[in-house]
Amino acid sequence: KQEVTQIPAALSVPEGENLVLNCSFTDSAIYNLQWFRQDPGKGLTSLLLIQSSQREQTSGRLNASLDKSSGRSTLYIAASQPGDSATYLCAVGGGLTGGGNKLTFGTGTQLKVEL
Amino acid sequence: ETGVTQTPRHLVMGMTNKKSLKCEQHLGHNAMYWYKQSAKKPLELMFVYNFKEQTENNSVPSRFSPECPNSSHLFLHLHTLQPEDSALYLCASRGGGGQPQHFGDGTRLSIL
């Protein structure tokens, strides 16, 4: 059974700092890995999707890497801003069939960027 | 505008009530999902529908009954719920294999 762990559970940083959020998973037979952000009282917003054959994806100030063999992914946020404050969730698309239909989520990292 | 709309946003019901949650997407996606998000726990996948057919039931109690009349609409019918069923219920949809899932803002359910 796939298990996803995110460290740290919470993080507080000053504005402008670069930061790294970590995600680890126990079963390396994944289809893809997706990073989301969730604002309080809201649903999930997809940030980046990395296919199992890829090593990284970038969007603006965000960069996500994937190391399947070690069961790890990192989300790098450059020049953090107060608007980045949210909970960041990592989700692993399971199975080599079904197109990663089933996502297994971590419990998230709650990020606060302070002025 | 997320493309996935859930109603109602908030619902308070007694344990003997019957209510339904609704999810609608106009993204042209073929797969739809129900998730449960409880405090301090990871999102739990409940049901998956592909092309209106249920392809996954993650050992969900029968007091939760999903319905998918077409690829754009998904319902979750609720009856005789328990206090531990209080949670945020999220709907998602997805296009083809390997595409990202898109989520609605959820229904916050409270069971009295």
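Throughout, protein chains are lettered first and strands after them, A, B, ... in sequence-line order, and every chain is numbered starting at 1.
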What part of A:Q38 gets closer than 4.5 Å to chain B, counting heavy atoms only: side chain, backbone, both or neither?
-> side chain

May I ask you to decide if the ring planes of B:Y35 and B:F103 are parallel, tilted or perpendicular, using 30° and 60° as cut-offs?
-> tilted

Turns out that what part of B:Q37 lies under 4.5 Å from chain A's heavy atoms comes down to side chain

For each of B:C91, B:G106, B:P100, tally heavy-atom pairs with chain A at distances under 4.5 Å, and name the one with the top tally.
-> B:P100

Please flag which part of A:L48 lies under 4.5 Å from any non-hydrogen atom of chain B: side chain, backbone, both or neither.
-> neither

Roughly how far, to the nearest 0.5 Å, is the CG atom of B:L109 from the CG atom of B:L81?
-> 6.0 Å

Criterion side-chain hydrogen bond (donor to acceptor under 3.5 Å, both in side chains) on B:H77 and B:E67, from CA distance to verdict | CA-CA 8 Å; B:H77 304 300; B:E67 179 190 2; 2.6 Å; yes

If you measure from the Lys or Arg side-chain nitrogens to the Asp or Glu carboxylate oxygens, is any gap between A:D27 and A:K1 under 4.0 Å?
-> no

Can you tell me how far the CG atom of A:N32 sits from the CD atom of A:Q57, to the nearest 0.5 Å?
-> 11.0 Å

Sort B:L43 into side chain, backbone, both or neither according to what part of it lies under 4.5 angstrom from a heavy atom of chain A.
-> both

